[in-house]
Amino acid sequence: MLRRLARWAGSIPALLPLGFLAAIVLTLVFATGLENFGLSFFGTDWNPSTGDPSKAVFGIMTFVVGTLITSVFALVFALGLSLALALSIVFYLPPRMSQVLAPFVDLLAGIPSVVYGIWGFWIVAPVFGETINPTIVRYLGWIPGLQGPVIASGVGIPLAILILTLMIVPVTTTLIRDSLRAVPQALDESGLALGATRWEVIRRVDIPYAKRGMWSAVLLGFGRAVGETVAVFMVIGDATKLPASLLDVSYTMPGALVGQLDSAFIQPNYLHALAELAIVLFLITFVVNFAGRRFVSRIVVRPTGALSVRGAGP
Amino acid sequence: MNATEDSLVGTSARFRRRRRVDRWLGRLLPFTFLLVILPLLDMVYWIATRALPTFSWATLTTNPSGTSGGLYGPIVGSAEILAISTTIAAAIGIAGGIYTAEFASERMAATVRFTTNLLAGVPSIVVGYFGYFALVLYFGWGASLIAGSVTLSIFILPYVFRSADLAFASVPKDLREASLGMGSTRVQYIRRVAFPVALPQVLNGVFLAMAIGLGETAPLLYTAFWNNFPPTGLNQPVGYLTGLIWNYYDEPLSFGTEVTMAFQAAFILMVVVIVLNLAIRIIGGIYARRLRGLYH
């Protein structure tokens with residue numbers, strides 16, 4: 001009896017993560033006051049109207065658009081870079097070199113997001129404002145979406161994409177690297193023995209075999225990009241309007257949450273709207289992470305056979 | 001003979017081209033590391049350049065005062081928040097990790113791991129909203145050291161939890177079987193056999209959680225609020241380094257020394273994070289060596 005009680009009590013810490021998830025959802029739902037903003041909630045008009053709260057309109061679409069644009073582009077760049085990094089680490093670099101270089105990628109993950117933010121805002125933004133964005137407009141301005149106008153200070157979508165890319169590269173690189181390492185070595189050796197070059201084996205054997213892991217990198221990287229809050233807020237300009245082009249200023253969902261709560265303290269419908277925006281953000285990241293984690297866990301449990309363990313390598 | 005060798009080894013133009021593609025990829029792909037290392041160097045260089053000229057002993061020992069001053073209050077605040085939240089996260093995470101690795105059924109363990117990963121994926125500002133609405137408002141704790149620390153501990157919990165679980169789950173099977181086979185109870189096994197082996201990896205998780213917790217802003221903004229002075233109690237609002245950067249980074253340069261203070265705070269954070277990362281690397285190395293040592 002006592003033993004059963006101890007066992008039951010012992011499971012409490014293990015169940016707390018689930019408990020916290022539930023508590024987060026319940027709290028957010030409660031914080032909305034169940035206020036129904038109707039279809040205008042999915043519109044593009046966000047006007048808290050602090051002077052006369054009864055005239056307020058809360059449409060979250062500008063934040064959704066800003067989040068999606070920055071996250072999708074950052075994800076594409078991060079995946080390309082990560083694939084190159086992971087291939088170098090697993091296949092091309094001598095083990096000693098990758099032991100020296102790989103930690104730099106991990107270090108990117110350790111830099112606080114406010115530090116990315118202040119670096120982006122003061123050091124990188126002028127480069128975008130004076131050089132990069134005008135150059136894009138000059139040479140690629142004929143492409144719809146890249147026609148400008150150029151924001152002189154340099155904040156805006158391109159800078160946010162750069163910062164986000166750097167921030168999610170460690171996540172995607174780790175996942176791609178691990179999935180490439182999980183490919184049975186016997187498969188590689190068969191390919192090489194048949195006369196294929198290293199690159200041909202990578203392209204025809206390793207990458208197809210590691211596809212699940214790649215999908216986990218896509219989904220978890222996207223989840224991380226969507227949820228990134230502070231750094232993006234500091235470099236994207238935070239304008240509550242649909243961006244006129246890919247070079248314009250914008251605003252993201254987490255950015256709106258972090259930037260507007262203090263103005264909403266005394267206005268109930270504003271607070272409710274922000275809580276509902278938080279729920280939308282939570283749901284997006286939850287679904288993406290849920291799907292992504294399923295891919296990860298399946299590569300781990302897959303039986304790999306006697307010759308398959310590549311873990312001894314770099 | 002020569003002709004046969006050619007066709008076997010393949011010096012045909014086609015083979016040479018295939019081999020050339022492979023070699024050039026091998027030479028070029030590693031240069032992508034520059035795209036990671038150069039931004040890091042740029043960040044370290046510029047933040048140091050902006051922070052160090054005015055950095056002095058007073059920076060570390062005086063409180064911020066409006067538009068100027070040092071960083072003493074936020075440094076103490078960051079340390080206190082970090083100490084409390086790491087303690088909470090470590091207590092829950094290590095206990096939960098041991099339970100998951102040693103006692104839970106296969107299915108339960110899978111569920112716990114899955115939910116822990118999902119908690120790790122919740123955006124920091126959403127955790128911050130939870131802290132604000134639940135702890136600050138509904139529980140009535142107010143914006144305070146304790147509300148901020150508890151909120152942050154929820155955010156960093158998954159990192160401790162996963163490492164502790166992984167550490168105990170990857171203790172070699174033969175150690176476990178030998179220990180239990182000689183009649184030790186499971187608690188004795190965990191204390192005397194598994195814990196010493198798993199400790200470096202557990203510590204690794206704790207350090208990782210500290211590095212992440214130290215760098216977080218969003219969970220604290222509305223739960224810890226702000227204070228120029230070190231907090232005098234758990235129920236007092238508290239300042240912290242990331243919050244100082246957040247508050248001061250976009251003040252006009254002509255206004256005072258706020259932007260420089262923000263860079264100084266960023267510099268301190270960067271140095272501490274790099275040191276913590278080094279610690280994680282070194283401990284990771286010890287762990288790998290220790291596990292290898294078990295077999296030879």
Side-chain angles (χ1 to χ4, degrees), chain A residues 7 10-11 13-18 20-21 23-24 27-28 30-31 81 84-85 87-88 92-93 101 103-108 110-115 117-119 121-123 166 169 195 197-200 223 226-227 229-230 234 254 257-258 261 275 278 281-282 285-286 289-290 293 297, chain B residues 18-19 21-22 25-26 29-30 32-33 35-37 39-40 42-43 46-47 92 95-96 99-100 103-104 112 114-119 121-127 129-130 132-134 154 157-158 161 211 214-215 217-218 221-222 242 245-246 249-250 262-263 266 269-270 273-274 277 281:
Chain A
R7 210 184 156 85
S11 71
L15 292 174
L16 275 179
L18 180 61
F20 286 140
L21 274 178
I24 290 170
T27 303
L28 289 181
F30 192 66
L81 180 53
L85 293 170
L87 289 176
S88 310
Y92 283 114
L93 281 174
L101 292 176
F104 283 98
V105 182
D106 297 334
L107 192 56
L108 273 187
I111 304 282
S113 61
V114 268
V115 174
I118 194 172
W119 174 67
F121 184 81
W122 284 106
I123 314 295
L166 288 173
V169 152
T197 64
R198 180 88 265 189
W199 166 243
E200 286 161 351
V226 167
T229 309
V230 167
M234 290 162 84
L257 292 175
V258 76
L261 183 56
L281 177 65
F282 177 87
T285 52
F286 188 84
N289 276 288
F290 193 93
R293 286 292 166 190
S297 59
Chain B
R18 289 166 56 207
R19 199 174 51 187
V21 169
D22 187 45
L25 275 172
L29 281 181
T32 48
F33 272 99
L35 295 178
V36 170
I37 293 172
L40 267 175
D42 190 72
M43 201 183 296
W46 280 108
I47 289 177
I92 300 173
Y99 180 85
T100 311
F103 295 100
V112 168
F114 195 68
T115 50
T116 306
N117 281 330
L118 285 179
L119 182 62
V122 177
S124 54
I125 184 60
V126 173
V127 178
Y129 264 49
F130 164 75
Y132 174 70
F133 283 112
I154 295 173
L157 170 64
F161 198 113
L214 184 68
T217 318
L221 284 174
Y222 297 106
T242 51
I245 303 175
W246 172 262
Y249 80 97
D250 61 349
F263 272 105
L269 283 174
M270 219 168 47
V273 161
I274 289 174
N277 265 283
R281 279 243 138 243

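This structure is a prediction, so every number in the text was calculated from the model and none was measured. Side chains included, hydrogens not; waters and symmetry mates left out as well; all remaining heavy atoms used. Sequence lines set the chain letters: A, B, ... in the order given, protein chains first and strands last, and positions in each chain run from 1.
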Interface moiety of [X] toward chain A, non-hydrogen atoms closer than 4.5 Å:
X	answer
B/M43	both
B/L40	side chain
B/I47	side chain
B/F161	side chain
B/R281	side chain
B/Y99	side chain
B/Y222	side chain

Using 0.5 Å steps for rounding, measure from the [atom1] atom of [X] to the [atom2] atom of [Y].
X	Y	atom1	atom2	value
B/Y129	A/F282	OH	CZ	15.0 Å
B/F130	A/T27	CZ	OG1	4.5 Å
A/R293	B/T115	CZ	OG1	11.5 Å
B/F114	B/L119	CZ	CG	13.0 Å
A/F290	B/L118	CZ	CG	6.5 Å

> Can you name the ring pair (Phe, Tyr, Trp, His ring centres under 6.0 Å) partners of B/F33, sequence neighbours left out?
Replying inline: none

> Can you list the residues that meet the ring pair (Phe, Tyr, Trp, His ring centres under 6.0 Å) rule with A/W119, with sequence neighbours excluded?
Replying inline: none

>> Using the rule given for side chain to side chain contact (heavy atoms under 4.5 Å, CB included), can you reason through A/E200 versus B/D22, listing the C-alpha separation, both sets of side-chain angles and the distance that settles it, and then say yes or no?
In response: CA-CA 8 Å; A/E200 286 161 351; B/D22 187 45; over 6 Å; no

Top residue by heavy-atom pair count (under 4.5 Å) with chain B, among [options]?
options	result
A/L107, A/V105, A/L21, A/V115	A/L21
A/L81, A/L281, A/L166, A/L261	A/L261
A/S88, A/G227, A/S113	A/S88
A/V226, A/V169, A/I118	A/I118
A/L85, A/T285, A/N289	A/L85
A/L15, A/L101, A/L87, A/L28	A/L101

> Checking heavy atoms, do the side chain of A/F121, its backbone, both or neither come under 4.5 Å from chain B?
Replying inline: side chain

> So which part of A/I123 gets closer than 4.5 Å to some heavy atom of chain B, the side chain, the backbone, both or neither?
Replying inline: side chain

>> Can you give me the closest heavy-atom contact between B/A211 and B/V273, atom names plus distance?
In response: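 Looking at all heavy atoms of both residues, the closest pair is O-CG2, 4.3 Å.
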
In terms of heavy-atom pairs under 4.5 Å with chain A, which of [options] leads?
options	result
B/V112, B/V127, B/T100	B/V112
B/G121, B/P123, B/A104, B/P158	B/P123
B/V126, B/L35, B/V36	B/V36
B/L214, B/L221, B/I274, B/T32	B/T32
B/I154, B/L269, B/T242, B/L157	B/I154

> For A/V230, which of B/I125, B/T217, B/I245 qualifies under side-chain contact (heavy atoms from CB on, under 4.5 Å)?
Replying inline: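 So the option named by the test is B/T217.
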
> After noting the C-alpha distance and the side-chain angles of A/M234 and B/W246, does the key distance pass the side chain to side chain contact (heavy atoms under 4.5 Å, CB included) rule?
Replying inline: CA-CA 9 Å; A/M234 290 162 84; B/W246 172 262; 4.3 Å; yes

> Between A/T229 and A/L257, does a side chain to side chain contact (heavy atoms under 4.5 Å, CB included) hold up when you go through it step by step?
Replying inline: CA-CA 9 Å; A/T229 309; A/L257 292 175; over 6 Å; no

